[in-house]
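Here the structure is laid out as structure tokens; the discussion comes afterwards.
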Number of protein chains: 2
Amino acid sequence: MLQTRHFRYFLAVAEELNFHRAAERLNLSQPALWRQIRDLEAEMGTPLLEREPRGISLTRAGAAFLEDCRDILERVENARLRARRIAQGELGTLHIGFNEIAGRRPEMPRFLQAFRRAFPEVSLQLHFLMSQLQVDALRGGSLDAGFLLRPRGERTDFQTLRIGEDDYALALPRDHPLTRREGIRLTDLSDQALILPNPRNNAVIYDRLMTRLRDAGVSARIAQVADNENTIMNLVDAGMGLAFLNLSFRPPEPSGVVLRPLADLTMPVDLELVWRGANTNPALAHLVELVRAQAEAPPA
Amino acid sequence: MLQTRHFRYFLAVAEELNFHRAAERLNLSQPALWRQIRDLEAEMGTPLLEREPRGISLTRAGAAFLEDCRDILERVENARLRARRIAQGELGTLHIGFNEIAGRRPEMPRFLQAFRRAFPEVSLQLHFLMSQLQVDALRGGSLDAGFLLRPRGERTDFQTLRIGEDDYALALPRDHPLTRREGIRLTDLSDQALILPNPRNNAVIYDRLMTRLRDAGVSARIAQVADNENTIMNLVDAGMGLAFLNLSFRPPEPSGVVLRPLADLTMPVDLELVWRGANTNPALAHLVELVRAQAEAPPA
DNA sequence: AGCATCTAATACCTCAGCGGCATCGGCCGG
DNA sequence: CCGGCCGATGCCGCTGAGGTATTAGATGCT
């Protein structure tokens with residue numbers, strides 16, 4: 001059977017065109033090398049060397065095989081290196097999710113840029129997904145890590161790394177009467193139209209908000225559920241009702257929406273990097289390590 | 001050291017994802033295979049298989065390596081086939097020379113077409129060269145075989161294969177007085193202007209012609225030497241003098257040149273396929289064999 | 001719970017084959 | 001004619017690839 005040994009040996013012989021020198025180069029004895037070449041020719045089913053009275057030369061088949069030898073040996077070496085680099089997490093692909101809020105944070109581009117600089121051969125595939133969908137994708141394995149918001153203190157079987165914090169506040173049109181009130185309370189929302197996040201996308205937040213409203217005895221009217229924060233904001237802007245939005249979701253400047261804290265509603269959430277502990281993608285460890293370092297010591 | 005054995009074994013294991021089945025496929029015992037894979041991972045410097053409670057799966061590095069394995073094993077096999085086919089003369093390059101006369105013979109395209117059909121992967125490189133230059137090229141190794149004219153009976157250290165025969169005749173303008181004479185003799189050429197082939201290109205023919213003329217006591221005047229048959233014919237047409245041309249070099253129809261045999265000059269030449277006996281190009285043997293078969297039994 | 005079964009992993013042994021040493025035989029240059 | 005260079009061969013030792021028997025862990029069936 002053809003072994004890479006044969007390729008290495010033939011390469012040396014073909015380059016030196018001399019069994020003694022080739023054997024020396026390979027740290028081998030001349031007879032051992034000679035026999036391997038003989039066996040190689042038998043395997044190939046054709047002579048590769050022309051035996052001449054004074055030394056040897058390549059046959060046409062041998063010359064062609066020499067090229068193939070070089071190519072194959074190079075590929076073997078590259079295969080080894082590639083596997084190593086993948087195992088080291090220096091090469092590969094990382095699927096990263098991020099949601100509306102995380103995407104607007106200044107940390108995100110810092111993390112990604114730092115990672116790209118440190119591991120330029122890891123392809124970063126970014127997926128814009130809401131928090132709940134990210135969790136599903138992480139479970140399903142189509143995502144390696146996600147930047148998302150989780151209510152502080154909520155239990156989880158994922159690994160998490162806290163990057164920042166946020167809270168919810170009341171979003172209301174600039175000209176709404178409540179904007180002139182200090183210390184808005186939940187009871188002030190009675191009989192107001194409310195716009196809530198779609199429970200299909202974000203059940204946790206939806207449930208918590210509803211619970212708080214019920215506990216406060218507020219009989220609010222749900223005017224609309226919306227799929228994402230942008231939609232919610234636009235609906236508020238259009239005067240469809242009031243809503244709860246994250247503080248870090250700053251409305252774009254020419255917007256008629258303002259955010260006001262509620263005196264008796266605090267729902268702190270953490271911006272976290274989340275991943276499955278069982279995920280074996282070696283590049284993931286690098287991402288976590290890098291985000292941890294950056295989050296602990298943000299650049300001056 | 002990585003051996004192709006390792007590639008073949010890993011390929012089986014990675015495809016079966018089961019040591020027993022893979023070992024069976026390889027006609028190997030499970031422990032032997034297991035140890036080879038362990039050694040392979042040590043060589044690679046990274047695990048390729050994920051050991052799970054129930055069986056094995058590929059690591060990312062292993063999956064990448066699997067692709068490389070397939071690629072490499074395929075290339076190894078192709079290298080073997082390529083070398084074999086080159087050695088068999090089914091693949092390669094053949095440099096073939098032909099001169100003015102051979103090029104005009106109907107046999108040439110027959111030979112070449114038959115060869116191309118039989119050995120489509122042998123690249124035929126055709127070189128238009130006069131006979132003497134072909135001989136030099138054959139000696140120098142830049143030509144594998146040549147179709148050329150040689151005076152019959154001339155000794156040579158080349159291998160030859162007779163394809164056809166030819167002779168020299170007098171070339172003269174259509175309106176020349178000698179065209180009306182039956183049985184032109186060399187002595188009739190006294191005081192005629194003659195156009196001879198350049199002795200640098202075709203020393204043998206030049207010398208023979210000169211010898212015949214001298215022996216016949218003809219004091220011919222050499223008006224010109226010319227590099228090739230076309231030039232000679234044009235000069236004759238232009239009335240610069242008479243010349244000796246091969247019978248099979250039929251002047252193109254709208255030409256004012258005619259060929260007349262000489263009663264006392266016969267210089268038979270053979271159209272031959274000529275090659276060096278020491279030439280090791282395996283495709284050459286096929287060409288010779290094919291030309292021999294075609295020449296002996298020309299198509300009906 | 002207990003047993004059968006499937007899997008990867010170990011222990012121990014055998015022998016093929018890879019490699020080393022010594023040597024031969026042919027060819028060339030001095 | 002002889003010394004040196006080269007490929008080719010014979011013989012022997014030992015490494016390592018492979019076989020058999022067995023263990024160990026997990027799972028599923030009764």
Side-chain angles (χ1 to χ4, degrees), chain A residues 1-59 61-63 65-66 69 73 76 80 278 280, chain B residues 1-59 61-63 65-66 69 72-73 76 278 280:
Chain A
M1 181 87 346
L2 274 182
Q3 297 296 342
T4 59
R5 171 170 26 88
H6 293 121
F7 293 80
R8 294 192 299 115
Y9 290 2
F10 180 74
L11 185 66
V13 171
E15 284 180 353
E16 301 286 348
L17 286 179
N18 176 306
F19 277 100
H20 279 98
R21 284 197 302 275
E24 196 171 356
R25 199 170 113 181
L26 295 165
N27 292 318
L28 223 61
S29 71
Q30 174 262 324
L33 178 57
W34 180 82
R35 251 174 292 125
Q36 288 299 317
I37 299 296
R38 167 170 52 69
D39 296 348
L40 169 62
E41 288 180 314
E43 283 290 343
M44 298 287 291
T46 177
L48 301 171
L49 298 175
E50 201 77 61
R51 269 69 174 183
E52 286 164 0
R54 194 83 183 159
I56 48 178
S57 67
L58 291 175
T59 62
F65 186 63
L66 172 60
C69 271
L73 287 174
V76 167
R80 187 213 306 266
T280 57
Chain B
M1 183 83 353
L2 276 182
Q3 296 296 341
T4 58
R5 172 172 23 91
H6 293 121
F7 294 82
R8 293 191 301 116
Y9 291 3
F10 180 76
L11 184 66
V13 172
E15 284 182 352
E16 301 286 349
L17 287 178
N18 176 306
F19 276 100
H20 276 100
R21 284 197 301 275
E24 194 172 354
R25 198 170 113 182
L26 295 165
N27 293 318
L28 225 62
S29 72
Q30 174 261 324
L33 177 57
W34 179 82
R35 252 176 290 123
Q36 287 300 317
I37 299 296
R38 167 170 53 69
D39 296 348
L40 169 63
E41 288 181 313
E43 282 291 342
M44 298 287 292
T46 178
L48 301 172
L49 298 176
E50 203 77 61
R51 268 69 175 182
E52 287 164 359
R54 194 90 183 155
I56 49 178
S57 66
L58 291 176
T59 62
F65 186 62
L66 172 59
C69 272
I72 288 168
L73 288 174
V76 167
T280 58

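In what follows, chains are A, B, ... by sequence order, proteins preceding strands, each numbered from 1. Because the structure is predicted, anything quoted here is derived from the model rather than measured.
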**Prompt:** Given atom CG of B/N27 and atom P of D/dA17, what is their separation to the nearest angstrom?
**Reply:** 18 Å

**Message:** Is there a side-chain contact between A/F10 and A/L49 in this structure, where contact means two heavy atoms from C-beta onward sitting under 4.5 Å apart?
**Reply:** yes

**Prompt:** Starting at the 5' end of DNA chain D, which residue's closest nucleotide do you reach first, B/L28 or A/I56?
**Reply:** A/I56

**Request:** Find the distance B/E50:CD to C/dA8:P and express it as a whole number of Å.
**Result:** 14 Å

**Message:** Once hydrogens and angles are ignored, does a donor-acceptor distance under 3.5 Å link the base of C/dA9 to the side chain of B/Q30?
**Reply:** yes

**Asked** What integer distance in Å separates B/L49:CG from C/dA9:C1'?
**Response** 13 Å

**Request:** Tell me which of B/P31 and B/R21 sits closer to the 5' end of DNA chain C, going by the nucleotide each one is nearest to.
**Result:** B/R21

**Request:** Would you kindly give the CD-to-P distance between A/E24 and C/dC21, to the nearest whole Å?
**Result:** 13 Å

**Request:** For D/dG7, take OP1 and OP2 only and decide whether either is under 4.0 Å from a side-chain N or O of A/H20.
**Result:** yes

**Message:** Testing the basics here: between B/E50 and A/T280, what is the closest heavy-atom pair and its distance to 0.1 Å?
**Reply:** OE1-CG2, 4.2 Å

**Message:** Suppose we call a contact any N or O donor and acceptor under 3.5 Å apart; does that hold for the side chain of A/R35 and the base of C/dG20?
**Reply:** yes

**Asked** So, is A/R51 near the phosphate of D/dA8, with a side-chain N or O under 4.0 Å from OP1 or OP2?
**Response** yes

**Prompt:** Between A/G55 and A/R38, which has a closest nucleotide on DNA chain D that is more 5'?
**Reply:** A/G55

**Complete:** Of the candidates C/dA8, D/dC5, D/dG18, the side chain of A/R54 sits closest to D/dC5

**Request:** Scan B/L33 against the nucleic acid and name what it touches under 4.0 Å (heavy atoms): base, sugar-phosphate only, or nothing.
**Result:** nothing

**Fill in**
When rounded to whole Å, the CZ to P distance for the pair B/F19 and D/dT23 reads 21 Å

**Prompt:** Nearest-Å distance, CE (B/M1) to C1' (C/dG19)?
**Reply:** 16 Å

**Request:** State which of C/dT7, C/dG19, D/dA17 makes the closest approach to the side chain of B/R5.
**Result:** D/dA17

**Message:** Please give me the minimum heavy-atom distance between A/A14 and A/L66, naming the atom from each residue.
**Reply:** CB-CD1, 3.7 Å

**B/M44 and B/E41, any side-chain heavy atoms less than 4.5 Å apart** = no

**Item:** Separation of D/dG16 P from B/D39 CG (nearest whole Å)
**Value:** 10 Å

**Asked** Any side-chain heavy atom of B/F65 sitting closer than 4.5 Å to one from B/L58?
**Response** no

**Prompt:** To the side chain of A/W34, which of D/dA8, C/dC27, D/dG18 is closest?
**Reply:** D/dA8

**Request:** Could you check how far CD1 of B/I37 sits from C1' of D/dG18, rounded to whole Å?
**Result:** 14 Å

